[in-house]
Amino acid sequence: RTDPQLLAQFYYADEELNQVATELDSLDGRKDPQRCTLLVNQFRSCQDNVLNIISQIMDECIPNDRANRDFCVKFPEEIRHDNLAGQLWFGAECLAAGSIIMNREIESIAMRPLAKDLTRSLEEVRSITRDQALRDLNLYTDRMKDALRHFDSLFAEFELR
């Protein structure tokens with residue numbers, strides 16, 4: 001857990017996210033609302049951590065292939081905060097699962113295909129990166145780089161919308 005290599009950090013962060021998700025899935029939130037709230041907050045924090053490490057991995061292994069995010073300058077500083085990526089991930093999962101975001105049914109339906117593609121891509125990145133962390137912490141494979149490029153492009157598009 002103290003290994004400074006990004007793939008090792010990712011592996012442990014992803015494991016923690018999976019553990020919290022498993023516990024949250026098995027919990028009846030009506031019987032223990034305080035524990036449910038605590039776990040949801042922990043889950044969101046774990047998502048932020050996983051995305052942060054993925055971003056660092058992309059900066060290291062595909063620095064010149066990152067998606068353009070010039071559009072971010074139009075957002076006020078208070079919107080661009082450390083856990084924005086995690087909130088977007090959570091929103092994408094909700095949309096992909098069929099939720100309507102902020103009573104905006106037409107916009108939610110229009111965003112659903114992109115949200116599904118994004119969550120699928122993120123799962124692929126997590127799977128490939130976990131697998132690579134178990135194989136060789138010093139190597140970013142072409143398959144991994146391709147998956148990261150695809151995810152980064154979808155995530156930038158989701159951020160823009």
Quiz item: Would you say the side-chain atoms of N18 pair up with the backbone N or O of D14, donor to acceptor, closer than 3.5 Å?
Solution: yes
Exercise. Answer yes or no: is there a side-chain heavy-atom contact under 4.5 Å between T22 and Q19?
Key: no
Quiz item: Between atom CD1 of I109 and atom CD1 of I100, what is the distance when rounded to the nearest 0.5 Å?
Solution: 5.0 Å
Practice problem: Search all heavy atoms of Y140 against all heavy atoms of K145 and return the closest pair with its distance. | Solution: O-CE, 3.4 Å
Quiz item: Roughly how far, to the nearest 0.5 Å, is the CD1 atom of I53 from the CD atom of Q9?
Solution: 5.5 Å
Quiz item: Do you know the tightest heavy-atom contact between C36 and L24?
Solution: O-CD1, 4.1 Å
Quiz prompt | Donor-acceptor contact present, side-chain S55 to main-chain L51, <3.5 Å | solution = no
Quiz item: So do the side chains of N52 and Q56 get within less than 4.5 Å of each other, counting heavy atoms only?
Solution: yes
Quiz item: Looking only at heavy atoms, which two atoms of A96 and A115 are closest? And how far apart?
Solution: N-CB, 4.0 Å
Self-check item: Approximate separation, where rounding is to 0.5 Å, of E16 CD and N49 CG
Solution: 7.0 Å
Self-check item: L122: which of D117, V50, I54, L154 passes side-chain contact (heavy atoms from CB on, under 4.5 Å)
Solution: I54
Practice problem: Would you check if W89 and R44 make a side-chain contact, meaning some heavy-atom pair closer than 4.5 Å? | Solution: no
Quiz prompt | Test item: E93 and L118 side chains (from C-beta on) under 4.5 Å apart, heavy atoms | solution = no
Practice problem: Without swapping roles, check the side chain of S108 against the backbone of I101 for a donor-acceptor pair under 3.5 Å. | Solution: yes
Quiz prompt | Co-membership, hydrophobic cluster, residues Y12 and I57, 4.5 Å side-chain | solution = no
Quiz item: What is the minimum heavy-atom distance between S121 and A147, and which atoms define it?
Solution: OG-O, 4.3 Å
Practice problem: With side chain to side chain contact (heavy atoms under 4.5 Å, CB included) as the test, would you mind laying out the steps for F43 and E23 before giving the verdict? | Solution: CA-CA 10 Å; F43 180 75; E23 186 174 350; over 6 Å; no
Self-check item: Validation row: L88, E159 side chains within 4.5 angstrom (heavy atoms)
Solution: yes
Exercise. For atom CZ of F158, decide whether the heavy atoms of other residues, nucleotides or ligands shown that lie under 6.0 angstrom number more than 12.
Key: yes
Self-check item: More than 12 heavy atoms of other groups within 6.0 Å of I106 CD1
Solution: no
Self-check item: Side-chain (S45) to main-chain (N41) donor-acceptor, under 3.5 angstrom
Solution: no
Self-check item: From CA spacing to verdict: salt bridge (Lys or Arg N to Asp or Glu O under 4.0 Å), E123, R120
Solution: CA-CA 5 Å; E123 284 306 310; R120 223 174 298 138; over 6 Å; no
Quiz item: Side chains of D32 and D28: closer than 4.5 Å at any heavy-atom pair?
Solution: no
Self-check item: Note, F151 side chain near E124 side chain (heavy atom, < 4.5 Å)
Solution: no
Exercise. Might you point out which heavy atoms bring Q87 and D48 nearest each other, and give the distance in Å?
Key: N-OD1, 4.3 Å
Quiz item: Is the shortest heavy-atom distance from the side chain of Q132 to the side chain of T129 under 4.5 Å?
Solution: no
Exercise. Would you give the length of the straight line joining atom CG of L114 to atom OG1 of T119, rounded to the nearest 0.5 angstrom?
Key: 9.5 Å
Quiz item: Between L7 and D136, what is the shortest heavy-atom contact and its length?
Solution: CD1-O, 3.6 Å
Exercise. Mind running side chain to side chain contact (heavy atoms under 4.5 Å, CB included) on Q34 and L38 for me, showing each step along the way?
Key: CA-CA 6 Å; Q34 285 181 316; L38 178 71; over 6 Å; no
Practice problem: Give a yes or no on whether a salt bridge exists between D146 and R149, defined as a side-chain N under 4.0 angstrom from a carboxylate O. | Solution: yes
Quiz item: Can you tell me how far CG of L27 sits from CZ of R35, rounded to the nearest 0.5 angstrom?
Solution: 7.5 Å
Self-check item: hydrophobic_cluster_shared for V125 and F90, side chain cutoff 4.5 Å
Solution: no
Quiz item: Say you draw a straight line from CG of D131 to OH of Y11; how long is it, rounded to the nearest 0.5 Å?
Solution: 10.5 Å
